[in-house]
Structures are given as structure tokens and as C-alpha cells.
Engineer: 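This is the structure, below, for whatever I ask next.
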Amino acid sequence: MQMIFLKRTNIPQILFSILVLSSCGKDKNNNQNEAVKEKDTLGKMVPMEPEKKITVAYVNSVKGRINHFYNKNWPNNSMNGSFLVAKNGQIIFERYNGFANKNKDTKITADTPVQIASVSKVLTATAVLKLINLGKIGLDQKVNTILKTFPYEECTVRMLLCHRSGMRNYAYFTDRDKSVWDRHNQLTNKDILDILATKNVGLESRVGTRFAYCNTNYAMLALIIEKITGLSYKEAMSQMIFKPLGMTHSYVFDDDKERKNIVPSYKGNGVEIGFDYLDNVYGDKNIFSTVRDLLKFDRARNAPDFLKPALLKEVYTGQSNERKGTKNYGLGIRMINWETGQNFYFHNGWWHGNTSSYITLMKEGVTIIALSNKMTRNTYAVRKLAPVFGDYPFQFKDEE
């Protein structure tokens, strides 16, 4: 019977079929590998896995104190913005009130994106860190090896991230001298680089010698993101951060498309603030988002595989120790380091009338975010909630 079967069977056909199946298997594996490789080349953020559920008892134990703070800080629901407190990615408390647009009589809701101002720096830094994590650029790589016309030879990517470049703020060297820039024209990131390269703009301090918070650093980091990814900053942030994390109400402001549709900002007296020649610069500002979207972003930054351990340690290590004190700056994040060993990580923002505060209590898994489109310093007071969740020895009577 076996001999009859072999005679009736076309052995070459069997061998050919085996080869085809084997090849298909290899192609499938190759395609899978290519898909993984394609994803990795851009350094897309990965959402945090589901975290430990918080109990009703826990929520009840802290909600009263948060509510008391809210009513005291923004009496009679006067915030004109968004406020959220969460633990393990689960919202404990949130409030939305005030006008998104007074002329249109639209109110702020959970889905209303507002300008997050300098909290944008945390997102810009995150994209740069993901590219460093992939080996696309080096943390201590010189900027002029990436941006060829960048004039300060000793400045590195690290120095941009932690504000030690010594550069001057672009708002100060473009605002008066028409030979440097005509304020009737909208300034762009590329314009800033061209000015630095051709107008002999002096440094404020020698490269790498001291900390000086400067928006120009992050305008340059946005150009680095564009150079390395081959995408516009707007598209890179969308593909690397917003889309992978499901941040559906977040985007980078594009003057040509969003000027008429964005949530405007207001002075403290309610007068709308118009646009100026600096409004097209991005990286240091110009991300619009919601507190819920930023919660997704925060949890992804706290995921175990966010960055390689050595790089992650650098992010949360103070990079400016020339002056003794508790305040410091890491790689795209502000911090307060107490002698007790307790650390507080945050970033605030202000642009026109927009104020923002992002706080991540890493040990406790707590996220605190406040955004407002009406000028107020009360947004920054949300740090007063930190002691509700851990041993954060703030002396609030000494606050600015």
C-alpha cells in the first residue's frame, strides 16, 4: 500500500509545497519583524498597562480634602479651566468650568483643548528622549552635528534639555532691532536658527556653565525632532505621542489652520488676548491638550518600559547643581529635591493668558493637572495637594 501511494504521488510537487509553506512562514516572520522595526524607528509612546484598581474607601479618604482645596483656590467655581487629580490613571476628582470662548458662549468641558504653554516642554523632551533611547541621537551629541548651521559649537542636546546652553530667549533678541527681525512678520523656529547663525546673537552665559531657563532651547529641540524623524514637529508629536496614547483632543497649533478655531486666552479682567509675532514658534509651547489626555501621557511616562533605566535616571537627576538649594531641573522636568530624600517633579506653563501645571507624584502614582485660559496664578497652587498623598514638606507661606 505504501509503495502504491508513493507511486501515485507527485514527489516533486510535495517538495515544492513544503518549500512554499516554509517560505511563507519566513515571510510572515519577516513581515512581523519589519512591523516591529518600523514602530521602533520612530520611538512611539506605549500606553501604560492597566494599573491596580483604587478602592472606593481610598477615594473617599482624599476626595474631601481635594474638594476643600478646589473651593478655597477657585471660590464659586471661578477657575475658567480644567482640573484633574488621579491615582494609578484613575480619576479621583475633576472639574471643568468657565468659558472656552466668550464671544461664542461656549463652555470648557472635558473635551476642550487649551494651550498648555510651557508644559509643552515636557512633551517635546519626551519625543527627544525616545529618539535618544533608540540611538537616533546621543544625549551628549553636539547640536551642530544635527543642525548644521547652529553656531554654538560646544552646546549639546543635554544642554538644550536642561537649559544650560547659555542662549538668550528668542523673544528678547527679536523684539526691538529690525535688522534682526521685523515684528510685522511671524517668527518661526527656522527663522530663530537662521538668526542665531547669521546675526551674531551673543550668548547670555558661556555654554554649559549655568542654568538659565530659556525657550530658545526647546525651539531648537523641535527642529532636532524634525531633522531626525523627517516629519514636521506637528506630525512627529502626533505619530510619536498623541495617536499611540489615544490623546484624541491634543495637537500642535498650526496658525494657518487653527487660528479661528482654537480656544482663545484672556487677561484676568476677561479681555481677550490677541496673537503676536511669536505665536508660530513651537516646542517650547503651542501644544493644545486636555487634562484627560495629559493623564494618559503621564501614565505612559511612568510605564516600566518608557526609557532604558540609565537614561530614565538622567531625566530625573538634577542637572543644575552650581547653586545649592532645593530647586532643580532635569531633562525636560522641573524638580524640588529635599534633604530628606523626597523629590517632587512638575512643570508649569504660562503663555499669554494661558496657565498650566503638571505634577507627577511618581512614588504614589498620583497625577495632578490644572489648565486655564484666563490669566491666574491660582493654577500653580495645585502643588498644595501633594501633601495629601505623601510626605512633601512644602512651606507654602514662603511661596512666591
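Atoms considered below: every heavy atom in the structure, side chains included; atoms not considered: hydrogens, waters and symmetry mates.
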Engineer: What are the two closest non-hydrogen atoms of Thr174 and Arg183, and how far apart are they?
Structural biologist: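 Answer, listing the atom of Thr174 first, then Arg183: O-CG, 3.6 Å.
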Engineer: Test of understanding: clusters of I, L, V, M, F, W, Y form through side-chain heavy atoms closer than 4.5 Å, transitively. Do Ile192 and Leu147 belong to the same one?
Structural biologist: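 Both belong to a single hydrophobic cluster.
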Engineer: Under the salt bridge (Lys or Arg N to Asp or Glu O under 4.0 Å) definition, can you give me all pairs with a residue in residues 192-206, not counting sequence neighbours?
Structural biologist: Lys190-Asp194, Glu204-Arg210
Engineer: Around atom CG of Asp140, are there more than 12 heavy atoms of other residues, nucleotides or ligands at under 6.0 Å?
Structural biologist: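 Enclosed: over 12 neighbouring heavy atoms sit under 6.0 Å from CG of Asp140.
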Engineer: Partners of Ala300 by side-chain contact (heavy atoms from CB on, under 4.5 Å), sequence neighbours excluded?
Structural biologist: Met45, Leu245
Engineer: Side-chain heavy atoms under 4.5 Å apart, restricted to Ile/Leu/Val/Met/Phe/Trp/Tyr: what other residues fall into the cluster of Tyr172, or is it alone?
Structural biologist: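 Joined to Tyr172, directly or through intermediates: none.
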Engineer: Any donor and acceptor pair, going by atom type alone, linking the side chain of His163 with main-chain N or O of Phe211 inside 3.5 Å?
Structural biologist: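 Between the backbone of Phe211 and the side chain of His163 there is no qualifying donor-acceptor contact (under 3.5 Å).
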Engineer: Sub-3.5 Å donor-acceptor pair from the side chain of Gln319 to the main-chain atoms of Gly330, do we have one?
Structural biologist: no
Engineer: Do Arg383 and Phe344 meet the cation-pi criteria used here (NZ or CZ under 6.0 Å from the six-membered ring centre, within 45° of the axis)?
Structural biologist: no
Engineer: Is a side-chain donor or acceptor of Lys102 paired with a backbone partner of Gly270 at a separation under 3.5 angstrom?
Structural biologist: yes
Engineer: For the pair Trp74 and Phe69, name the ring-plane relationship: parallel under 30°, tilted 30 to 60°, perpendicular over 60°.
Structural biologist: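 If you compare the ring of Trp74 with that of Phe69, the planes turn out perpendicular.
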Engineer: Applying side chain to side chain donor-acceptor pair (under 3.5 Å), name anything that partners Asn280, two or more places apart in sequence or on another chain.
Structural biologist: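 For Asn280 there are no side chain to side chain donor-acceptor pair (under 3.5 Å) partners, ignoring immediate neighbours.
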Engineer: Show the atom names and distances, to 0.1 Å, of all donor-acceptor pairs under 3.5 Å that link a side chain in residues 82-92 to residues at least two apart or in another chain.
Structural biologist:
{"residue": "Lys87", "atom": "NZ", "partner": "Glu364", "partner atom": "O", "Å": "2.5"}
{"residue": "Asn88", "atom": "ND2", "partner": "Lys52", "partner atom": "O", "Å": "3.0"}
{"residue": "Gln90", "atom": "OE1", "partner": "Ile54", "partner atom": "N", "Å": "3.0"}
{"residue": "Gln90", "atom": "NE2", "partner": "Lys52", "partner atom": "O", "Å": "3.0"}
{"residue": "Gln90", "atom": "NE2", "partner": "Asn88", "partner atom": "O", "Å": "3.2"}

Engineer: What is the distance from atom CG of Asn354 to atom OH of Tyr266, rounded to the nearest 0.5 Å?
Structural biologist: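 Going from CG on Asn354 over to OH on Tyr266, the span is 10.5 Å.
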Engineer: Would you say the side-chain atoms of Lys121 and Ser118 include a donor-acceptor pair closer than 3.5 Å?
Structural biologist: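 Side-chain D/A pair, Lys121 to Ser118: present.
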Engineer: Quick check with a 6.0 Å cut-off and a 45 degree axis cone: is Arg95 positioned over the face of Phe93's six-membered ring?
Structural biologist: yes
Engineer: Please name the pair of heavy atoms, one in Ala222 and one in Thr124, separated by the smallest distance, quoted to 0.1 Å.
Structural biologist: N-CG2, 4.4 Å
Engineer: By side-chain contact (heavy atoms from CB on, under 4.5 Å), which residues pair with Arg299, not counting sequence neighbours?
Structural biologist: Met48, Glu51, Leu295, Asn302, Thr367
Engineer: Return the set of residues passing side-chain contact (heavy atoms from CB on, under 4.5 Å) with Ser179 (not counting sequence neighbours), or none when no residue passes.
Structural biologist: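 side-chain contact (heavy atoms from CB on, under 4.5 Å) check on Ser179 returns Asp177.
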Engineer: So how far is it from Met159 CE to Leu139 CG, rounded to the nearest 0.5 Å?
Structural biologist: 10.0 Å
Engineer: With a cutoff of under 4.5 Å between side-chain heavy atoms, which Ile, Leu, Val, Met, Phe, Trp and Tyr residues group with Phe288?
Structural biologist: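 Members besides Phe288, by chain and number: Tyr251, Phe253, Ile262, Phe275.
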Engineer: Checking Asn73 side chain against Asn378 main chain: does a donor-acceptor pair fall under 3.5 Å?
Structural biologist: yes
Engineer: Quick one about Tyr282 and Ser120 (side-chain donor to acceptor, distance below 3.5 Å, no hydrogens or angles considered), yes or no?
Structural biologist: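 Ser120 vs Tyr282: no donor-acceptor pair found between side chains.
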Engineer: How are the rings of Tyr152 and Phe150 set relative to one another: parallel (under 30°), tilted (30 to 60°) or perpendicular (over 60°)?
Structural biologist: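 If you compare the ring of Tyr152 with that of Phe150, the planes turn out perpendicular.
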Engineer: Please find the pair of heavy atoms, one from Asn80 and one from Ser372, that lie closest to each other, and give the distance.
Structural biologist: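 Smallest interatomic distance, heavy atoms only, reads O-OG, 2.9 Å.
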Engineer: Could you work out, with side chain to side chain donor-acceptor pair (under 3.5 Å) as the rule, every residue matching Asn321, not counting sequence neighbours?
Structural biologist: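 With sequence neighbours excluded, Asn321 shows a side chain to side chain donor-acceptor pair (under 3.5 Å) to Asn328, given in chain and number order.
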Engineer: Applying side-chain contact (heavy atoms from CB on, under 4.5 Å), name anything that partners Asn269, two or more places apart in sequence or on another chain.
Structural biologist: Lys267, Val271
Engineer: Distance alone, cut at 3.5 Å: any donor-acceptor contact between the side chains of Arg301 and Thr126?
Structural biologist: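 The criterion, which ignores hydrogens and geometry beyond distance, is satisfied for Thr126 and Arg301.
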Engineer: Can you run down the salt bridge (Lys or Arg N to Asp or Glu O under 4.0 Å) pairs that involve residues 273-296, sequence neighbours left out, and say none if there aren't any?
Structural biologist: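 Salt bridge (Lys or Arg N to Asp or Glu O under 4.0 Å) check on residues 273-296 returns Glu94-Arg292.
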Engineer: On the 0 to 90° scale, with breaks at 30° and 60°, tag the Tyr358-Phe297 ring pair as parallel, tilted or perpendicular.
Structural biologist: tilted
Engineer: Identify, with sequence neighbours excluded, every residue that meets side chain to side chain donor-acceptor pair (under 3.5 Å) alongside Glu322.
Structural biologist: Arg164
